[in-house]
Amino acid sequence: MACHTISACVIIRGMLDFKFIKDNADQVKDNSKRRNVKVDVDLVVELYGKRNALQQRIDNLRQSRNENAQKMKGKLDQKQKAEFIQEGKELKETIAQAEVEYRNMQNRLFEEAAKVPNMTHPEVPLGNDESANREIKRWGTVPKFDFKYKDHLELGKDLDLIDFESAQDVAGQKFYYLKNQAVILELALVRYALDILQKQGFVPFITPDIAREDIAAGLGFNPRGEESNIYTLEDTGMCLIGTAEITLGGYYAKRIMDAVKLPVKLAGFSHCFRREAGAAGQYSKGLYRVHQFSKLEMFIICLPEQSEVLHNHMLELEEMIYQGLGIPYRVVDVCTGDLGNQAFRKFDIEAWMPGRGENGEWGEITSTSNCTDFQARRLQIRTKQGGENIFVHMLNGTAIAVSRTLIALLENFQTKEGEITIPQNLITYTGFSKITKS
RNA sequence: GGAGAGAUGUCCGAGUGGUUGAAGGAGGCGGUCUUGAAAACCGUUGUGGGGCAACUCACCGGGGGUUCGAAUCCCUCUCUCUCCGCCA
C-alpha cells in the first residue's frame with residue numbers, strides 16, 4: 001500500500017474492532033457466514049492475542065532500554081559506562097528481533113481481519129445473491145406501449161443522442177458520446193437533483209475524479225487485485241474514482257469532527273470510472289454498464305444513533321427524485337450475500353426499463369448504504385462523545401446516476417412517433433419539453 | 001518542468017544528541033475576582049496500542065540508517081510554500 005504523507009496515509013486495519021471481534025467471535029462468525037464471506041474468525045482472535053503478547057514483550061524491552069539510557073546521563077566511571085553500553089547493545093539486538101516478529105504477526109492479523117465484513121442489520125433478508133433481495137415497495141405505473149417500442153440504444157441512435165460507435169474507435173468498448181439534447185439532459189438531471197438536495201441541507205461539491213489508492217481502499221474500494229473495478233494510474237499511487245463516495249469520504253480522513261456539527265450532508269458531483277472487466281451480455285448492454293458516467297452522490301457523516309434514521313431519509317430523497325421524474329420503480333432491501341463488505345444495510349431503487357430483457361425489467365438505478373463505522377474506522381474519522389473519541393457513521397446514496405437514468409427516461413417516455421417526452425419537473429432545467437428528430 | 005525554503009501538539013512558534021511528551025504564546029475548559037462583563041491571576045487542556053487497574057509503550061510529515069540513547073545527525077520518499085517557465 002502506497003502510504004506517503006500523514007494527511008493521506010490511512011492505516012488499514014480490520015474492518016471491525018479487534019476487541020469486538022474477540023468478545024463477539026460467535027456473532028461475527030455467524031454474520032460472516034450469512035453474508036457469504038469466507039473468513040477464519042478464530043484465526044483473527046488467535047493472531048490478535050499473539051500480537052498483543054508480542055507487543056507486551058516489546059514494551060517491556062523498550063522500557064529496559066529507556067531506563068538504561070537514562071542511567072548514562074550522569075558522570076560515570078569508565079567501567080560502569082562500558083557495562084551499560086554493553087547492556088544497551090544487547091537490548092537493541094533483542095528489540096530488533098522482537099520487532100520483526102511483531103510486524104509479521106501484525107501483517108498476518110491485518111490480512112485475515114480485512115476479510116471480516118461489517119455486521120448486518122437484523123432485518124436484512126437472508127440469501128446468497130440478488131435473487132434473495134426483498135422487494136419492499138413499488139411506485140408508479142409500468143408503461144404499456146401500443147406500438148413497437150425501442151430500447152435506449154435505438155432511441156439514442158435515431159434521435160442522435162448517444163454515439164457508441166465513434167466512442168469505440170476513440171476510447172474503446174463501453175464508452176459513449178452524449179450529443180445534442182442528451183447533453184442538456186445530463187446537466188438538467190444533475191441540476192434538478194442538486195436543487196432538491198440543497199433544500200435538504202446538503203452541501204454541493206464537485207470532487208476530484210482521481211484519488212489516492214489508500215483513500216479508495218479506506219472506503220472499501222480495493223484498487224488492486226483481480227476483481228477490482230477500479231482503474232489505477234500507472235506509477236502515481238492514484239486511481240480513477242468509481243464514485244464520489246471515495247472523494248467525499250476521503251475529505252474527512254483522519255479528522256476528529258465536531259459532534260455538534262453532525263450530521264454533515266454532502267452532495268458530490270463527479271465522473272465515475274469502472275473497469276467492469278468480464279461484464280457483458282444482454283444485461284450490460286448500452287448505457288447500463290459503462291466505463292464512465294456522471295453521478296451526483298449523497299454522503300452523510302453522523303453520530304451512530306443517527307445513522308438508521310438518516311439511511312431511511314436518503315432512501316426517501318431518492319424516491320422523491322425519481323417520483324419527481326415520474327419514473328416507475330421498486331425498492332429492494334438488499335440481502336446478506338449481496339451487501340458487499342462495508343454495508344450494514346443497503347436499499348436499491350430499481351427503475352423500470354422497458355428495453356431490458358424480453359419485455360422490460362427492473363434495473364438498478366440508485367443504491368444507498370449505511371456503512372456504520374466500517375469506513376470511518378479505516379479512514380480514522382472520529383468525533384468526541386462523552387469525552388471519548390468514537391468513530392462516526394458514514395452513509396452514501398445515489399441521487400442521480402446519469403447514464404442509467406437516461407435509460408429509464410428514454411425508454412419509459414418514448415412516444416409512438418419515436419420522440420421523448422420530458423418530465424414536467426425537468427423542463428425548467430432542459431428548456432425543452434420534447435426530444436424530436438432533428 | 002527549473003531554482004530555493006520548509007514540514008513540531010487545536011493553532012502560532014522554540015528546540016544544544018541524554019528528566020523534551022516536548023519551552024513560550026494564542027485558543028478551549030474549570031476556578032478566583034466582579035452587580036454583570038472585560039482585564040488580571042491560578043489550574044487544566046494531544047493521539048493511538050496493551051492492561052481491571054496502578055501503569056506502560058509508541059508517535060515531532062512517511063520509510064530506512066548511525067548511536068548505549070535521536071524531534072535533534074545521515075539517506076530517501078512524500079507533501080507544502082516562494083520565484084521562474086508553461087497553461088484552461
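First the proteins, then the strands, lettered A, B, ... as listed; each starts at 1.
- Under 3.5 Å, the side chains of R35(A) and T120(A) contain a donor-acceptor pair of N or O atoms.
- Taking atom P on both C75(B) and U80(B), the two are 23 Å apart, rounded to the nearest angstrom.
- E99(A) places its CD atom 14 Å from the P atom of C57(B), with the value rounded to the nearest Å.
- Atom P of A71(B) sits at a distance of 13 Å from the matching atom of G17(B), rounded to the whole Å.
- A gap of 16 Å separates the P atoms of G15(B) and G9(B), to the nearest Å.
- Regarding R103(A), its CZ atom lies at a distance of 10 Å from the P atom of G63(B), rounded to whole Å.
- Not counting sequence neighbours, the partners of F175(A) by the ring-ring contact (aromatic ring centres under 6.0 Å, His included) test are H291(A).
- Across the protein-nucleic acid pair, F110(A) atom CZ and G49(B) atom P stand 11 Å apart, rounded to whole Å.
- The two residues T336(A) and V124(A) come nearest to each other via the heavy atoms N-CG1, 3.6 Å.
- Taking atom P on both G36(B) and G46(B), the two are 31 Å apart, rounded to the nearest angstrom.
- When the ring-ring contact (aromatic ring centres under 6.0 Å, His included) test is applied to F413(A), no partner is found at least two apart in sequence or on another chain.
- At whole-Å resolution of the value, CD in Q63(A) and P in C55(B) are 12 Å apart.
- Nearest to the side chain of R212(A), among U56(B), A58(B), C79(B), sits C79(B).
- The separation between Q106(A) atom CD and G48(B) atom C1' is 12 Å, rounded to whole Å.
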Please table the atom pairs, donor to acceptor, closer than 3.5 Å between any side-chain atom in residues 85-95 of chain A and protein atoms at least two apart or in another chain.
from   : atom 1 : to     : atom 2 : distance (Å)
Q86(A) : NE2    : E90(A) : OE2    : 3.2
T94(A) : OG1    : E90(A) : O      : 2.8

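- Counted by atom type alone, Q323(A) and Y329(A) present one or more donor-acceptor pairs between their side chains at under 3.5 Å.
- Across all strands, N66(A) comes closer than 4.0 Å only to sugar-phosphate atoms, never to a base (heavy-atom distances).
- Atom C1' of G24(B) sits at a distance of 34 Å from the matching atom of G64(B), rounded to the whole Å.
- As rounded to the nearest Å, G48(B) and C84(B) have C1' atoms that lie 44 Å from one another.
- Look at CD1 on I215(A): it is 14 Å from P on C79(B), rounded to the nearest Å.
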Identify the pairs formed between an N or O of the protein and an N or O of nucleotides 50-54 of chain B at a distance under 3.5 Å, and give each distance.
from   : atom 1 : to     : atom 2 : distance (Å)
G50(B) : OP1    : Y48(A) : OH     : 2.5
G50(B) : O2'    : Q56(A) : NE2    : 2.5

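- Considering only residues two or more places apart in sequence or on other chains, E305(A) meets the salt bridge (charged side-chain N to carboxylate O under 4.0 Å, His left out) condition with none of them.
- With 3.5 Å as the limit, one finds no donor-acceptor pair spanning the side chains of T398(A) and T366(A).
- Checking the phosphate oxygens (OP1, OP2) of U47(B), no side-chain nitrogen or oxygen of R382(A) falls inside 4.0 Å.
- The salt bridge (charged side-chain N to carboxylate O under 4.0 Å, His left out) check on K346(A) picks up nothing, with sequence neighbours excluded.
- Straight-line distance between the P atoms of C33(B) and A38(B): roughly 15 Å, to the nearest whole Å.
- The ring-ring contact (aromatic ring centres under 6.0 Å, His included) test applied to Y251(A) returns F205(A), not counting sequence neighbours.
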Protein heavy-atom contacts under 4.0 Å, written 5' to 3' over nucleotides 67-72 of chain B as B (base), S (sugar-phosphate only) or - (none), form the string BBS---

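- For residues 48-63 of chain A, the pairs satisfying salt bridge (charged side-chain N to carboxylate O under 4.0 Å, His left out) are E46(A)-K50(A), R62(A)-E99(A), with sequence neighbours left out.
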Hey, can you pull the donor-acceptor pairs under 3.5 Å for the side chains in residues 399-411 of chain A, sequence neighbours left out?
from    : atom 1 : to      : atom 2 : distance (Å)
R404(A) : NE     : Y288(A) : O      : 2.9
R404(A) : NH1    : Y288(A) : OH     : 3.4
R404(A) : NH1    : E364(A) : O      : 3.1
R404(A) : NH2    : Y288(A) : O      : 3.1
T405(A) : OG1    : Y322(A) : OH     : 2.8
T405(A) : OG1    : A401(A) : O      : 2.8
E411(A) : OE1    : G355(A) : N      : 2.7
E411(A) : OE2    : H152(A) : N      : 2.8
E411(A) : OE2    : H152(A) : ND1    : 2.9

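- Straight-line distance between the C1' atoms of A88(B) and C83(B): roughly 22 Å, to the nearest whole Å.
- Computed from coordinates, the L54(A) CG to G49(B) C1' distance equals 14 Å when rounded to whole Å.
- For the ring-ring contact (aromatic ring centres under 6.0 Å, His included) test, residues two or more places apart in sequence or in another chain that qualify with H311(A) are F347(A).
- Note on R57(A): nothing from the nucleic acid sits closer than 4.0 angstrom, heavy atoms only.
- Consecutive pairing runs in RNA chain B reach the stem threshold at B:1-7 with B:78-84, B:10-12 with B:24-26, B:27-32 with B:40-45, B:46-50 with B:55-59, B:61-65 with B:73-77, where a stem means at least three Watson-Crick or G-U wobble pairs with distances under 3.5 Å.
- One can place CZ of R378(A) at 18 Å from C1' of G48(B), the figure rounded to the nearest angstrom.
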